[in-house]
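In the text below, chain A, chain B and the rest are named by the order of the sequence lines, each starting its count at 1. As a basis for the values below, the full set of heavy atoms in this structure was taken, side chains included, without hydrogen atoms, waters or symmetry mates. All figures in this text were calculated on a predicted structure; none of them were measured in a lab.
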Amino acid sequence: MFELPFQSELLYDVPLNLEATLFCGQAFRWQKLGEDTFQAVVYGEILRLTALQPNRLLIGSTAECINSKSLRDFVWHYLGLEDDVSTLLPASFIQTYPHLYQGASAYFGLRLLRQEPFETLVSFMCAQGVGIALIRRQTTFTSQSFGDFIAITEYKFPTPEQLANAPIGKLTRCTNNNAHRARHIRAISMAVARGDLNLAQLSAPHCDFETARETLLRYSGIGEKIADCVCLFGLGHHTAFPIDTHVRQYLEAWFGLSTHTTSLTSKEYRRLSDAARRILGAEQAGLAGQLLFHYWRKDVKHMKAF
DNA sequence: CCCCAGGCAGCGC
DNA sequence: GCGCTGCATGGG
């Protein structure tokens with residue numbers, strides 16, 4: 001393995017299931033280096049996390065931190081360690097669905113990442129009808145093709161300006177050879193670069209969830225699910241409840257929330273996510289939904305996280 | 001070979 | 001408003 005230019009290292013005790021956290025946040029560029037070691041570029045810095053033992057992380061970062069406290073704050077916020085998942089689900093839920101609470105409790109080490117908004121936006125625009133491995137390949141290749149070099153094989157995620165000026169053919173090779181997707185990503189990058197789309201302004205608490213969602217939905221390439229994902233993972237709107245194929249499955253299996261239509265129309269999407277917010281508590285519905293999502297995929301569908 | 005993978009837009013009806 | 005189709009590719 002190459003030696004990376006780490007400026008600081010920190011050993012820290014955290015109540016965290018590392019794999020579940022990275023999966024939940026769906027930080028698509030996290031790569032698994034070893035059995036318990038993961039590495040990614042986070043806000044332009046290389047971050048490496050190693051689980052030395054349960055609840056004990058070795059954190060390496062290329063960020064030049066004055067002291068360990070600023071690195072601790074950086075990581076603490078990014079990994080969403082301020083959230084307490086063990087008190088997440090409402091008492092009414094625990095009472096009504098004790099078996100689900102029991103099963104999901106194995107994943108209380110899961111957290112909601114605070115990802116960079118533009119990277120979140122583009123990453124989820126690459127997440128249509130493909131598997132996670134293929135999504136990660138797209139975002140990694142996009143960074144290598146258009147982002148600034150950092151070290152060894154690591155590149156920053158491109159800026160809106162870099163993607164706004166991307167030749168469409170070159171960008172298409174980064175988006176799973178999907179030219180529609182490349183055009184959508186370039187168009188929205190131009191909107192961000194010009195200031196027509198201000199992601200910081202759409203972030204909580206300056207902006208309410210519905211406004212942020214409606215604003216994102218105006219852009220081609222963004223539908224209900226991706227708008228919710230960007231709101232949840234990139235803009236801090238934790239009431240957002242993204243419904244994908246897996247969530248739709250468990251909503252029906254566990255809560256009897258089904259649709260008479262085969263495809264999930266806009267109207268039905270809203271009906272289901274509103275119902276889910278009532279069951280899981282509106283305030284933290286997104287994180288609660290991710291908890292059930294992870295439980296569903298791992299224990300019921302027997303899928304691997306990475 | 002078939003089906004599914006963290007969907008969305010465009011179209012006909 | 002609903003349902004079908006194209007988009008591309010890898011893995012089970």
Count the heavy atoms belonging to other residues, nucleotides or ligands that lie under 6.0 Å from CD of Glu82(A), then report whether that count exceeds 12.
yes
Rounded interatomic separation in angstrom, taking CG from Asp228(A) and P from dC8(B):
9 Å
Run the salt-bridge test on Arg213(A) and Glu224(A) with the 4.0 Å N-O cut-off and return the result as yes or no.
yes
Asp36(A) bridged to Arg56(A) by N-O distance under 4.0 Å:
no
Once you round it to whole Å, what is the distance between P of dA5(B) and CZ of Arg248(A)?
12 Å
Using a heavy-atom cut-off of 4.0 Å across all strands, would you classify Ile222(A) as base, sugar-phosphate, or nothing?
sugar-phosphate
For Gln128(A) and dA8(C), give me the distance from atom CD to atom C1', rounded to whole Å.
12 Å
Mind checking if Ile243(A) touches a base, just sugar-phosphate, or nothing, with heavy atoms under 4.0 Å?
nothing
note: Glu268(A), atom CD; dG1(C), atom C1'; distance rounded to Å ~ 10 Å
Does a distance-only test, which skips hydrogens and angles, find a donor-acceptor pair under 3.5 Å between the side chain of Gln249(A) and the base of dG6(B)?
no
Would Lys225(A) and Asp228(A) pass as an ion pair if we require N to O under 4.0 Å?
no
Short side-chain N/O contact to dC7(C) OP1/OP2 from His180(A), under 4.0 Å
no
Could you check whether Ala133(A) gets within reach of a base, just the sugar-phosphate, or nothing at all, counting any heavy atom under 4.0 Å?
nothing
Checking all strands, does Ser266(A) fall into the base, sugar-phosphate, or nothing category for heavy-atom contacts under 4.0 angstrom?
nothing
Roughly how far apart, to the nearest Å, are dC7(C) and dA5(B) at atom C1'?
14 Å
Between dC8(B) and dG10(C), how far is it from one P atom to the other, in whole Å?
23 Å
Base, sugar-phosphate, or nothing: which does Tyr269(A) touch, judged by heavy atoms less than 4.0 Å apart?
nothing
Answer with yes or no whether the side chains of Asn178(A) and Thr175(A) bring together a donor and an acceptor at under 3.5 Å.
no
In this structure, how many angstroms lie between the C1' atom of dT9(C) and the CG atom of Asn178(A), rounded?
11 Å
Less than 4.0 angstrom between a side-chain N/O of Thr245(A) and OP1 or OP2 of dC4(B), yes or no?
no
Euclidean distance, atom CG of residue Leu121(A) to atom C1' of dG7(B) [Å, nearest integer]:
15 Å
Selection from dC8(B), dG3(C), dA5(B) that lies nearest to any side-chain heavy atom of Thr262(A):
dG3(C)
What class does the angle between the rings of His237(A) and Phe209(A) fall in, given that below 30° is parallel, 30 to 60° is tilted and above 60° is perpendicular?
tilted
Can you tell me, in whole Å, how much space there is between the P of dC2(C) and that of dG6(B)?
26 Å
Just checking, any donor-acceptor pair under 3.5 angstrom between side chains of Arg248(A) and Thr259(A)?
yes
Using a heavy-atom cut-off of under 4.0 Å over every strand shown, decide if Gly223(A) touches base, sugar-phosphate, or nothing.
sugar-phosphate
Return the value, rounded to whole Å, for the distance between atom CD1 of Ile135(A) and atom P of dA5(B).
12 Å
By the 4.0 Å heavy-atom rule, please label Arg183(A) as base, sugar-phosphate, or nothing.
nothing
Among the candidates dG6(B), dA8(C), dG7(B), find the nucleotide nearest to the side-chain atoms of Ile226(A).
dG7(B)
Whole angstrom value for the distance that separates C1' of dA9(B) from CG of Leu264(A):
15 Å
So which one's nearest nucleotide on DNA chain B is more toward 5', Glu224(A) or Gly131(A)?
Gly131(A)
Name the residue closer to the 5' end of DNA chain B, choosing between Gly221(A) and Pro242(A) according to the nucleotide with the nearest heavy atom.
Pro242(A)
Starting the side chain at C-beta, find the nucleotide from dG6(B), dG3(C), dT9(C) nearest to Leu134(A).
dT9(C)
Any Thr265(A) side-chain nitrogen or oxygen under 4.0 Å from OP1 or OP2 of dC2(C)
yes
Choosing from dG3(C), dA5(B), dA9(B), which nucleotide comes nearest the side chain of Ser220(A)?
dA9(B)
Does a side-chain N or O from Arg181(A) land closer than 4.0 Å to OP1 or OP2 of dC7(C), or not?
no
Reckon Asn177(A) has a side-chain N or O less than 4.0 Å from the OP1 or OP2 of dT9(C)?
yes
